[in-house]
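Read through the structure below, which is laid out as C-alpha cells, and then see the notes.
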There are 2 protein chains.
Amino acid sequence: MRLINSAPMGSPSTAALRPLERSRIYEDVGERLAEFVGEARMAPGDQFPTERELAHKLHVSRTSVRQSFVVLQALGFVDVRHGEGMFLRRTRGFGESLTKLLERRRRLPDVLDAREALEVKLAELAAGHRGDDDIKSMKAALAQMEAEINAGGLGIEGDAAFHHSIALAGRNEILLHLIDAMAEVIQESRVESLSEPGRPPRSLEAHRRILAAIESGSTQLAAEEMRLHLRVVADVSLLRWQPEPSDDVDTRA
Amino acid sequence: MRLINSAPMGSPSTAALRPLERSRIYEDVGERLAEFVGEARMAPGDQFPTERELAHKLHVSRTSVRQSFVVLQALGFVDVRHGEGMFLRRTRGFGESLTKLLERRRRLPDVLDAREALEVKLAELAAGHRGDDDIKSMKAALAQMEAEINAGGLGIEGDAAFHHSIALAGRNEILLHLIDAMAEVIQESRVESLSEPGRPPRSLEAHRRILAAIESGSTQLAAEEMRLHLRVVADVSLLRWQPEPSDDVDTRA
DNA sequence: ATAGGTCCAGTGGTCCAACCATTGACAACG
DNA sequence: CGTTGTCAATGGTTGGACCACTGGACCTAT
C-alpha cells in the first residue's frame, strides 16, 4: 500500500490538497448583497428586500441575514429602521471595512502614504494646540526611546508612544480614530525601519526636531519635520518590500 | 377632564416628554464589553469570556452577544476563532466605528482638518500618477461644474465629481476608502460652502488651478493648490458653524 | 367631506433550544 | 514514545416563536 504524502512536514506543494477555507455565512451574504446592490442598480435611499425574503431566497436563516446587516449598519452602508425596513445609504466600497482592506491587500506604499497624510496633519494640529501635558508626554516618550536604545534596544516602544502622544495632542477624534485603526500595520513598518542598522539614533534625532517644532508652535515647521521623518522611514521600509505576485486582478477602472 | 398637551403641534419644549430613544441590545452589550475591557485591564491577545457565559451574566440571549462580536470583529477590535474563543485585538477606541463617530460628534473643524489631510495627499499622489483617463474625468467634472453654474446652479455635482476623480487618481485604496467613509459629512460642508454668494465661480477657478498642477506633474504644487482651496472652503463653512452646547463631557485625558 | 381614532398586516428586534463544526487536551493504544 | 481515538468546550447556524414599531386601511362621529 502506497502512502500518500508520507513526508512528515513541508511536503512539496500539492496544489489540490491545500487547506480549504470556509468563510462565515454572514460574510457570504454580505458579498451577495454587494452584488445585488450592483445588479439591481440600487441608489442611496432605496429599500432592500425583507430579512425574511432574503433569508428564503439565499437559503440561509434569518439570523445570518441579520448578522450581515448588523455589520453593514456599523460600517455605515445601510440604515435599518425598526418597523420599516432596511435602506441603502451609500454605494461606494459597499461592505468593505477598513480593517478587512488592511488585512487583505497589504500594499506597503499605500500604508505609508496614508500614514504620512494623517500624521503630518496631526503634527501640524499638535503644534497649534500644544498643551503642557501633551508636551510632557512627548518628552517622556522620547526619554523612554533613548533609554531603550541605550539599553541596546531599538526604541520601538518609545517611538510608538511618541507618535501616539502627537496624535492625541492633535485634538481631532476623527484623525485619531483613523490612525488607531491603522496602528497594527504601522507598527509593522516601524519595526522594519528601526531594525535597519544605525536607524534608532537617527530616528530619535528626527523626533527631537519634531518635538522642538511642535513646542515652538510653528505649525508649518512641525508638519515639515514630520513629513521629512516619515519619508526616511518609508524609504527604509520600502527597501525590503516587494509587491506580492498579483493574486487577483484590480477591477477598478 | 383636563387634557395635557392639547396643542396640536409645536408645543413648548417639555424637556421631560422628549421622545425617548431605545437602543438596540447588541449596542448596549458592546458598551458593556468596552467597560469590561477597561475594568478587567484586558490587553491585546487576551481572551473574552464565553458567549454563553456573557449571555448569562448580562441577561441577554446568546444571539445578542454574538451580534455584538460580529460587529466588533468587522471593526477589527476582536478576533473570533472557531473552537477556541474570542480575543481582544486592540484596545484604543474600542467599539467606536468611524461612522458612529461622524454621526455622533459632528465637530466641523475636525471634519475639515481630516478632509484636508486626506485630499491634499491624494492630490499629491494624483499628480505623481496622472493617467490620461484620470485627467479626462477631472476635465469632465469641471465641464459639468461649469455647466451647472452657467445654468444658475451651484455646481455641487461637478464639485463632488472633481474631488472624487482626484481621489481615484491617487491610486491608494486606503485613502480612497477613508474619503468615501467621510463622503456624507463632506458633502454637507460642500453645500454650505457653495451656497455662499459668489463662491461657485471662484471654486471653479481654484479647481482649474488644481487640475493644471496635477497635469503638470508637480506633486508639490498640486498639494499646495488643493490645500489652498480647502482652506478657503473651510473658512466659509466655519462662518456658519457654532459648537453645539456640550451635551456630554469629554472623558479623554 | 373630513378630522380623528382604531385596527391590522408587515417589518425589524429578541429570545430560545437544538444541533453542527472546530479545536485542544487527554486517554488509550500500538 | 508516538500515534490515534475520544471528548468536552467553544464558536457557527438554524427554525420558530414572540415582541415592538410603523404605516396605511378602515371606521366613525362631527
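Bear in mind the structure is a predicted one, so any value in this text is a computation, not a measurement. To find a chain, count down the sequence lines: A is the first, B the second, and so on, and within it residues start at 1.
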Ring pair (Phe, Tyr, Trp, His ring centres under 6.0 Å) contacts touching residues 40-65 of chain B (sequence neighbours left out): B:Phe48-B:Phe69

Check: B:Tyr26 main-chain N/O paired with B:Ser64 side-chain donor or acceptor under 3.5 Å: no

Under 3.5 Å donor-acceptor, A:Asn172 side chain and B:Asp110 backbone: yes

Pairwise salt bridge (Lys or Arg N to Asp or Glu O under 4.0 Å) hits with a residue in residues 153-168 of chain A, at least two apart: A:Asp159-A:Arg190

Pairs satisfying salt bridge (Lys or Arg N to Asp or Glu O under 4.0 Å), at least one member in residues 60-73 of chain B, at least two apart: B:Glu51-B:Arg62, B:Glu51-B:Arg66

For [X], give me all partners under side chain to side chain contact (heavy atoms under 4.5 Å, CB included), at least two apart in sequence or on another chain.
X        : result
B:Leu118 : A:Leu118, B:Leu175, B:Leu178, B:Ile179, B:Met182
A:Ala140 : none
A:Glu27  : A:Ser23, A:Arg24
A:Ile149 : A:Met145, A:Pro200, A:Leu204

Sugar-phosphate or base contact per nucleotide [nucleotides 6-15 of chain D; S, B, -; heavy atom under 4.0 Å]: ----BBBBBB

Heavy-atom check, side chain of B:Val65 versus side chain of B:Val60, under 4.5 Å: yes

Axis bend over the full length of the helix from C:dA1-D:dT30 to C:dG30-D:dC1, computed from five pairs that close each end, to 10 degrees: 10°

Intermediate values then yes/no, side-chain contact (heavy atoms from CB on, under 4.5 Å), B:His177 and A:Leu102: CA-CA 11 Å; B:His177 181 88; A:Leu102 290 173; over 6 Å; no

Strand-adjacent residues in residues 27-45 of chain A, judged by heavy atoms under 4.0 Å from DNA chain D: none

Can you give me every donor-acceptor pair (side chain of residues 86-95 of chain A, partner residue at least two apart or in another chain, under 3.5 Å) with its distance?
| from | atom 1 | to | atom 2 | distance (Å) |
| --- | --- | --- | --- | --- |
| A:Arg89 | NE | B:Glu184 | OE2 | 3.3 |
| A:Arg89 | NH1 | B:Glu103 | OE2 | 2.7 |
| A:Arg89 | NH2 | B:Glu103 | OE2 | 3.2 |
| A:Arg89 | NH2 | B:Glu184 | OE1 | 3.3 |
| A:Arg89 | NH2 | B:Glu184 | OE2 | 3.3 |
| A:Arg90 | NE | A:Gly76 | O | 3.3 |
| A:Arg90 | NH2 | A:Leu75 | O | 3.2 |
| A:Arg92 | NE | B:His164 | NE2 | 3.1 |
| A:Arg92 | NE | B:Asp180 | OD1 | 2.9 |
| A:Arg92 | NH2 | B:Asp180 | OD1 | 3.1 |

Along DNA chain C, first and last positions that approach a heavy atom of chain B under 4.0 Å: C:dG13 to C:dG24

